[in-house]
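Values in this document were obtained by computation on a predicted structure and should not be read as measured data.
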Amino acid sequence: MKIFSDNPFPILILKQQTSVRCLDLSASRTKIAVVDEHNTCLVYDVNSKELLYQEPNANSVAWNTQCDDMLCFSGNGLLNIKASNFPVHQQKLQGFVVGFCGSKIFCLHVYAMVAVEVPQSAPMYQYLERKQFKDAYRVACMGVTDKNWQSLAHEAIESLDFVTAKRAFIRTRDLRYLELIHNIEERRRRGEYDDQLFLADIYAYQGKFSEAAKLYKRAGQPQRALNMYTDLRMFEHAKDYIGAGDPQDKKMLISKQADWAKNINEPRAAADMYLSAGEHLKAIEIIGDHGWGDMLIDVARKLDKAEREALNKCAKYFKKMEQYAYAAETYTKMGDTKQLTLLHVESRNWEAAFNLVERHSEYKDDVYVPYAQWLAENDRFEEAQKAFHKAGRQSDAVKVLEQLTHNAVMENRFNDAGYYYWMLSMQCLEIAGADEKKKDEMLSKFHDFQRRAEIYNVYHNIQRYTDEPFTSHLPDALFNMSRFLLHAMIKDIPIGVSKVNTLYALAKQSRTTGAFKLARYAFEKLQSLRIPPRFQESIDLGSVTIRSKPFHDGEDSLPMCYRCSTTNPLLNNLGNQCINCAQPFVYSFSTFDVLPLVEFVLEDGITDEVAVQLIEMVAPKKQARSQYREDTNTQTLRMDDFNDDINDDPFTQRLMSFEQGGSDFQPVVVSRSVLESMDRSHVIVKRWPQPLKYQYFKSLMPDVSITKCDSCQQLYHTDDYELLVLQKNYCPFCRKQTADH
């Protein structure tokens, strides 16, 4: 009955026949539990007075304050928990139950109150068995394990109860399933209501691939099953879902299988699968990257000639693998004559390229120009000239060499630059001899290139001396080189040649050789130039210390003119020539000492051929003078025959045939008689090709052995030249091989 504190009249709720030992009212006051004197727990509906159920062996009872359908009762040392109409869940417990809140049960044992934590897993699973997911979720909220939450979530999502499943997955923080639920909800909002497809997706997420595939097929979406199995690399299962007679699906499956084989590093299997699927480009790429030439040529031979992209790719891989024969076969199949021509050029198969040009003259430039460049790079310039002539581009030989020379200068390869300039000069000389219209222009270039070749060749040694810690040249040689270079740069300085380096080397070597006046001049000039930081300290110190030295050059270092016997200063504003007779000095191109040679020219009317014949003739021996003379009064013995021979030498008499102090150079001109009188071992002839004339030099000191390179016409001391050739196996200036000398 209900008893009110402000009302003396109670209200009858329920009439119980037996005495009541314990009772409890549910939190919503809709149910009442009574334990009678027979230890029976009776549960009634308050409103309908109906007996809902009864349980034996109870001495106390309590309703869960958070769940109307759950109560617990104790008796016989057991704790009984009952949810709704489900069977009772029992566990051992001593005492009397006095309260039930959430997952905690309060029990009075003798005089102690004990709070027992009871998991709600059993009631939750009971609700799950009946698919009562909301009630199961409510029970789970009172306290279950993570595993129980996962079970609830998966049961709910499989029953398509996305609200409960979403809440449960939020509890377990499973983002993957939350994303799936969100995706399904979006699809539902877009008007998709096929629950079989949703369930199939769920099974796929759960790893139940067989069930998922069956549902996809049942829902009329076998393509999804195919995609699922291919994504899982389960290609054998995927074949069961290929549409009948649909070759596109089969190709797609094989292609994906090939992708997978490629990713797991099985390229050969992948290539075979791509070929089966008709993915020729992908197959060619794999085969080519791994260098399987035999397999690639089989593919190329099976391809139709209309598949130009695939064939072109095959050919490129053949070129990369240097399988030029296979590449040529591929281009021939394509009918691409231009690419076939370029292939022969790239592979240096010149004979095949020339045969092709004979049939297709439009590709003449594509063959002969690269051929000429290749010949030039391999020092075969005579053949390069012919190749450019065949291509109708004679001047290109010069242009190619000019580019090579420019690159060498920019890369500080001055030795190569000098060599290329010499080759350029000889190329220009050949063109001048072959083309009368370009004669003057080419001859001008020849002299300019010869000068540049000499400058770069000398500057190579200077640059190595200034940039490297050690040098193989003697101080006198470096001194002569730097002085020669300084005089050669009076008119203009070629690109890449540093005046600072030249003056720096000259200053240091001048001081070493005792040319203090020249060293002073070099240091003063350096102070007016932009000096690199690495030289600054050395130059500043040298500029100061040189002031303690004499203000003149050592006599041993002063050059002498072998024509007029004039001692020349080390610094000459006129360049490398005598200040008195203007006769150009002739240098040894190794040590750059002045050679005892005087150049002479021929009288008008004497050709080079005639002059050479006259020089090579055996000179008539002079009649020996009697050293002893006797007349009627005296007897005499002459001891000055040697001086008479010198004075009688017609060439020596012509050495002084110049105007002293004159500005114009007057060469030594010789006649036939002078040529006949010369000893051929004392004459050196530079035999230049046409249209240049020969150059003639007379040695005034026959004891000094001089050697001329027949290729570049440079002159050397014989000992120095032989040493350099032994070291390098070629001429140091023109690089002609030893066997050719």
Per side chain to side chain donor-acceptor pair (under 3.5 Å), Gln583 is matched among Gln666, Arg563, Glu599 by Arg563
Evaluate the side-chain hydrogen bond (donor to acceptor under 3.5 Å, both in side chains) criterion for residues Tyr465 and Gln509: first the C-alpha distance (whole Å), next the side-chain angles of each, then the deciding distance (0.1 Å), finally the verdict. CA-CA 11 Å; Tyr465 167 70; Gln509 300 307 322; 2.8 Å; yes
By side-chain contact (heavy atoms from CB on, under 4.5 Å), Gln727 pairs with (sequence neighbours left out) Leu723, Leu724
What about Phe446 and Phe449, are their ring centers closer than 6.0 Å? no
Would you confirm whether Ser444, through its side chain, and Asp440, through its main-chain N or O, come within 3.5 Å as a donor-acceptor pair? no
Are Tyr456 and Trp422 an aromatic pair by the rule of ring centers under 6.0 Å? no
Near Met701 CE, under 6.0 Å, is it more than 12 heavy atoms from other residues, nucleotides or ligands? no
In terms of relative ring orientation, are Tyr716 and Phe589 parallel, tilted or perpendicular, with 30° and 60° separating the classes? perpendicular
Between Tyr419 and Asn457, is there a side-chain donor-acceptor contact under 3.5 Å, judged purely by atom types and distance? no
Within the supplied structure, the quantity of interest is the number of heavy atoms (other residues, nucleotides, ligands) at a distance under 6.0 Å from Lys686 NZ; does it exceed 12? yes
State plainly whether the residues Arg534 and Asp467 are in salt-bridge range, i.e. N to O under 4.0 Å. yes
Salt bridge between Asp492 and Arg451, side-chain N to carboxylate O under 4.0 Å? yes
